[in-house]
Amino acid sequence: QLQACGGGLAQAGGSLRLSCVASGRTINYVKMGWFRQAPGKGREFVSAIRWIAGATYYADSVKGRFTVARDNAKNTVYLQMNNLKPEDTAVYYCAVGYGGSYDSGESYDYWGQGTLVTVSS
């Protein structure tokens, strides 16, 4: 019901765009978030967008480099990642939720399967 794609290998300074398509009961969510988990580390908030108002949120580590956007007609949220750094290497997950804070994973109700982003130096 959440399909994330777009991961892959990029060089430092390069770009990738992730997509997350919502379907089924995940369509009427209030917010969609992107989280990531690097090898040996815990889950980390990356970005989020509120579906109706369009308000966006970013972790300090990606602010100015990543942009989150939505396409209402396609029930899709994108994460444009520019100026990638090796420390951006992680499995990226999209999630949707109906309330709570935008940066807490516990406030999201459905999660996608994750897509791997690898940034080489």
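By the 4.5 Å heavy-atom criterion applied to side chains, Trp51 and Val77 are counted as neighbours. Residues Tyr102 and Ile49 have side chains not in contact (no heavy-atom distance under 4.5 Å, counting atoms from C-beta outward). The side-chain heavy atoms of Met81 and Tyr92, taken from C-beta on, include a pair separated by under 4.5 Å. Within the 4.5 Å cutoff, the side chain of Tyr78 has heavy atoms near those of the Asp71 side chain. Counting only heavy atoms from C-beta outward, the side chains of Glu87 and Ser61 never approach each other to under 4.5 Å. In this structure, Lys74 and Ser19 have side chains that are not in contact, with every pair of non-hydrogen atoms separated by 4.5 Å or more. Using a 4.5 Å cut-off on side-chain heavy atoms (C-beta onward), Arg65 and Asp88 make contact. Under the 4.5 Å side-chain criterion, counting only non-hydrogen atoms from C-beta, Leu2 is in contact with Cys20.
Side chain of Thr89 to backbone of Val119: a donor-acceptor contact under 3.5 angstrom is found. Between the side chain of Ser104 and the main chain of Ser101, no donor-acceptor pair closer than 3.5 Å is present. The main-chain N or O of Ala4 is found under 3.5 Å from a side-chain atom of Gln113 such that the two form a donor-acceptor pair.
In this structure, Thr56 OG1 and Arg70 CZ are separated by 10.0 Å, a value rounded to the nearest 0.5 Å. Rounded to the nearest 0.5 Å, atoms CE (Met32) and OG1 (Thr76) are 8.0 Å apart. Residue Gln11 holds its CD atom at 9.5 Å from OG of Ser121, rounded to the nearest 0.5 Å. One distance of note links NZ of Lys31 with CG of Asp109; it measures 7.5 Å at 0.5 Å rounding.
Linking ILVMFWY side-chain heavy atoms closer than 4.5 Å, directly or via other members, places Phe66 and Tyr57 in two distinct hydrophobic clusters. Cluster membership check: Tyr29 shares its hydrophobic cluster with Leu18, using side-chain heavy-atom separations under 4.5 Å among Ile, Leu, Val, Met, Phe, Trp and Tyr. Tracing side-chain contacts under 4.5 Å through hydrophobic residues (I, L, V, M, F, W, Y), one never reaches Val30 starting from Tyr93; they form parts of separate clusters.
The nearest pair of heavy atoms linking Ala90 to Arg36 is CB-CB, 3.8 Å. Heavy-atom minimum distance, Gly105 versus Arg43: CA-NH2, 3.6 Å. Listed here is the closest heavy atom pair of Tyr108 and Gly97: CD2-N, 3.8 Å. Nearest approach of Ala12 to Pro86, heavy atoms of both residues: CB-CD, 4.1 Å.
Put simply, the residue from Leu79, Leu9, Val117 that forms a side-chain contact (heavy atoms from CB on, under 4.5 Å) with Leu16 is Val117.
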(message) Please determine whether ring pair (Phe, Tyr, Trp, His ring centres under 6.0 Å) holds for the pair Phe45 and Phe35, giving the CA-CA distance in whole Å, both sets of side-chain angles, and the decisive distance to 0.1 Å.
(response) CA-CA 4 Å; Phe45 167 75; Phe35 292 78; 5.7 Å; yes
